[in-house]
Every structure is written in structure tokens, then in C-alpha cells.
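Along the sequence shown, residues carry numbers from 1.
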Amino acid sequence: MLNRKTLATAAATLAFTVSLSAQADDNFPSGPLTLIVGFGAGGSTDIQARVLANVLSENLGQPVNVVNQPGAGGAVSLTRLMHNQDEGHTFVYAGTNGTLTFAPHAHDTSFTLDDFRYVASITTVQHALVTGKDRPFGDSWEDLIEYAKENPGTSYATQHALDRLVIEYIMEQEGLDLRIVPTAGGGGMAPLILSGDVDFAYSGGTHSGYADSGEMPVLLSMDGERLFAYPDAPTVMEAGYDIDTSDFRVVVVPKNTPDSNVERLAEALEAATQDERFIEITEERILMPVHFRGEEEATEMLYAQSENYRELLDRMGGVPSDD
């Protein structure tokens, strides 16, 4: 049986340990942070992330260093994060949520949605189906569908497996016979659209650079809402397609990150969404709306979309091939 002295010592030790733990939580972050961008330098995610890092650094009282780790549409950066043990001092700013909600169902990834925590979403991605000037169907989605039905072989430029799956679903719904043209990112898509070599295409945001000139009209918003710079274009669901293709940028941390650290990061991120510098780079330069969603809402949306994509893949028989 323990005597009073032993019990008192144990109690004091426990109290000291709890005190240290609380102090450690209160001190987060206790050193520099690393913001990983899963895409190359110079893209919209990278440009935005560098301003975000400066704003967060001021709020958190520690340097926030941006590291680019491109590869597999952001999957390489998430694989690195999955093995990280620094409890939130390293985090990924995911430029697209499809890497989390679609890729694990469609490809062999080393991670799933369950492997992380989602601190907050702060920007809605403006991806779309676009066309060029002076097309015979104009800039109307309904007119494009009618044109494509009358002209088999109407061409579509695809960038990745997800937009290819969506267009295959639309082809099935509308009875279309399109010619699919694979491209490498917005840099590969834009010349084909601007030159008239393809009729319409997927754009992850490249079209925002042509909002003022009108050279790349938007046919269809692939967000759940109409696009920030193109409010006249209907959404996928408004066009009658029952699929959730909404996309947003979310801050991702390892699963073992303590609640207090997640809460501190979320507070700093919410403050960043109210900072004029972050608003300017997001809404005036890359033409995406600032929209804060906390961990619970962002996580809920990610899981709902993941299930939607799983069902769509099952329905379509998996990822379309290029054959």
C-alpha cells in the first residue's frame, strides 16, 4: 500500500507533468513552421501560399517557410506529411481537394482521407469548363451540347483523371461522341483553346487570367456555386448533372496533431482570411473568393465528396483510359 508521502510525491509529479503539457500547448508553435505546397513555384497555389505564410508568421510569432514539393497532383506532399511527427509545425496547403477525395479511390496512393486532420478551408477553387472566342456555339453550355450532338468528334482538352471522369459522365448523360485531347496543365490547355485547335476544355483556374479580355469564356462552373469572375455561367448541378465537383483549398496536418494546436492554427487562418494582403492576392490577382470553413465543416464536406466520387467511379467502371 502506498504511504502518504509516496502519494504526495506522485500527485506532485503528475501536476508538474500536466503543467508542462499545458505550457507546451500554450507555446505552440514553439519554433519555425513549414508550409508545403504540392505544386511548383509560380502557380496560383504557390503565389497565394507565400502571402499566406507571411500573414501567418505575424499572427503565430514564428517564421513560416514555404517549401514546394510537386508531384502526382499534390499526392507527393501529402505522402511526406503522413509520416511527419511534429504535431502541426509542418502542414500542407492543398491546392485542390481532389487529391484527397478522388485520388485514393482512383489510384494507388499511400494515404487516405482518414490519415489527416483538416484545420480549415480558406479559398474556393474556380475550376470550370471553358471555350474560346468566336466558336459556332458561342459561350452557352446548352448550345455547346446541341452543337456536339450534331457534330461527333467535337474536341475536349482534358488535364487529369478527375476531369476526364466528369466529361465521360456528361458524355454518357448527353449521348455525345467527343474527341478527347490530353493536355499537361493549364499551360498546355490554353494555347489549344486560344488557337481554336480544340472546342472546349477543363481549366483549373487558367481562365481567370482571361476574365477581362474575354478570350476564354466559361461554359460551366465546376464549383457548387457560380464562379467569382464568371457569375453568368451555370454550375454543373444547375446544368442537370448530379455530381459534386466543388473544390477548395484546405490546410492539412498529421492525424496526431493535438486539438489545441489545430485550434491555434485555425484561429490564425481565420485571421488571415480577414487580412487585406491575403484578400487582395486571392480575390484581385488569382480571382478566387476567400471563404473560411472550420475543421468540422471542411472535414464533413471532404468526406461527402469522397463518397460521391467513389460512387461515380463505381458507376463509370473506374478511371477512363486514354485508349
*Step through the shown structure and confirm whether more than 12 heavy atoms of other residues, nucleotides or ligands are within 6.0 Å of CG on D114.*
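Enclosed.
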
*Should the heavy atoms of other residues, nucleotides or ligands under 6.0 Å from CD of E174 be counted, would the total exceed 12?*
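Atom CD in E174 is crowded, with more than 12 foreign heavy atoms closer than 6.0 Å.
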
*With the threshold set at 4.0 Å, does a side-chain nitrogen-carboxylate oxygen contact exist between E311 and R315?*
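Salt bridge flag = no for R315 with E311.
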
*Can E307 and R310 be counted as an ion pair, charged N to O under 4.0 angstrom?*
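Salt bridge: yes.
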
_Is there a path of hydrophobic side-chain contacts, each under 4.5 Å between heavy atoms of I/L/V/M/F/W/Y residues, joining I167 to M222?_
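In one cluster with M222: I167, yes.
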
Between [Y] and [X], do the side chains contain a donor N or O and an acceptor N or O under 3.5 Å apart?
X	Y	answer
R249	S44	yes
T34	N65	no
S121	H291	no
T257	N261	no

*Measure the spacing between CD of Q173 and CD1 of I243 and express it to the nearest 0.5 Å.*
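Separation between the atoms: 8.5 Å.
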
*Distance from I145 atom CD1 to F137 atom CZ, nearest 0.5 Å?*
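Rounded to the nearest 0.5 Å, the CD1-CZ separation comes to 10.0 Å.
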
*Tell me whether the guanidinium CZ or amine NZ of R135 lies under 6.0 angstrom from the six-membered ring centre of F200 and within 45° of its axis.*
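Judged by the rule, R135 and F200 form no cation-pi pair.
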
*May I ask you to decide if P234's main-chain N or O and S221's side chain share a donor-acceptor pair within less than 3.5 Å?*
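A pair under 3.5 Å: no.
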
*Determine the sole option in D223, T124, V236, T235 for which the side chain to side chain contact (heavy atoms under 4.5 Å, CB included) test with S246 is passed.*
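It is D223; the other options fail the test.
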
